Amino acid sequence: MYRRASRIFRRGPRPQVRPHPVDLVESLEHAEGLDGAIRKLSAAVQKALHPGPVKDALHGVPAGHPAHPPLTDVPMGCWMSVAVLDLLPGTRKASQALVAAGLAGAVPTALTGIADWSALHREQQRVGLVHALGTATASALYAGSFVARARGRDGAGRALGYAGLTVLLAGGYLGGHLAFRQAAGASHADQVAHLVPLGWHDLCSASELPDGWPVQRRLGYISLFVLRDGEDIHVLTDRCSHLAGPLHQGRIITDEDSDPCVVCPWHGSTFRVSDGSVVHGPATGRQPSFETRVLEDGTVQVRPRT
Ligand code: FES
């Protein structure tokens, strides 16, 4: 009987598994051969970018989310439009103007991307480096396209444009992987609204909190940063919104208004402990914060701030 069954389920030829594009990108995440270049480039960018308003603007702190992704729409939109216009008669000037507009838009797009890239995990930086090489190559091809068109060599200009678009789309695919699979730019703070029921929750005893020194406490599934500052008790989610660094291991400083802030130990994002607002990036998303109260018996209670 077993022999018969084995005949029925005899193993046939192995099905051919074609590599999926995402498999190639996942292998790129582990391409350690890129690390030497990444270390040097990353150090150079961090040396050039001093903490302050320019760096914060490049990260997108004033906007409340990363500046790089929406800026990519400018060159991408312009150059996609060129690809369509180049198929139509009488669009020479419009195509040339859009190639130039795309090149102008590529400058802030690249600067914001480089700033964000310098403060990512290594796996993200490997994908990001190849993404940047792709988009830089696309920009160079469009620059060549612009020059060719300006010299009246429209055929060469169109060919360079289509080559640039092909490389740009490949680079854009890597950018999508970076943003949606590796979550670069997304908030990594705990989703408090989904993890903490409404109302007040017992957290700990006020007497066990050292003054001026952050500690970690747990509330159900989530880890909290807790700082006692005299009579005040400040509570934030502990996983930094940038890339989930442990805020309770961060430094406590004061901002220009003397409000206490915590500096994330991983990439230096700075949050006001009173409400989790971002003082300095690379984080752009507010750190979820909690209201606190102390009961007569000394129990500290917290509830999510809405
Ligand atoms: S994890 Fe990057 S600044 Fe906190």
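From a predicted model like this one, the values you see are computed outputs, not experimental measurements. Numbering of ligands and ligand atoms starts at 1, following listing order.
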Should F290 and L198 be counted in the same cluster of Ile, Leu, Val, Met, Phe, Trp and Tyr side chains packed under 4.5 Å apart?
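No, F290 and L198 fall in different hydrophobic clusters.
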Do any protein N, O or S atoms sit under 2.8 Å from atom 2 (Fe) of ligand 1, and which ones are they?
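You should have found H242 ND1, H267 ND1.
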Listed partners of D229 passing salt bridge (charged side-chain N to carboxylate O under 4.0 Å, His left out), at least two apart:
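Expected list: none.
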Establish, from distance only, whether the side-chain atoms of Q182 and H121 form a donor-acceptor pair under 3.5 Å.
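Checked: Q182/H121 side chains show no N/O donor-acceptor pair below 3.5 Å.
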Within the 3.5 Å criterion, strictly below it, is a donor on D86 or S95 matched to an acceptor on the partner's side chain?
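Note: D86 and S95 side chains meet the donor-acceptor criterion.
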Is there a salt bridge (Lys or Arg N to Asp or Glu O under 4.0 Å) between D275 and R305 once you walk through the steps?
CA-CA 8 Å; D275 61 0; R305 185 170 275 125; over 6 Å; no
Nearest 0.5 angstrom please: S118 OG to H267 NE2, how far?
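That separation rounds to 8.5 Å.
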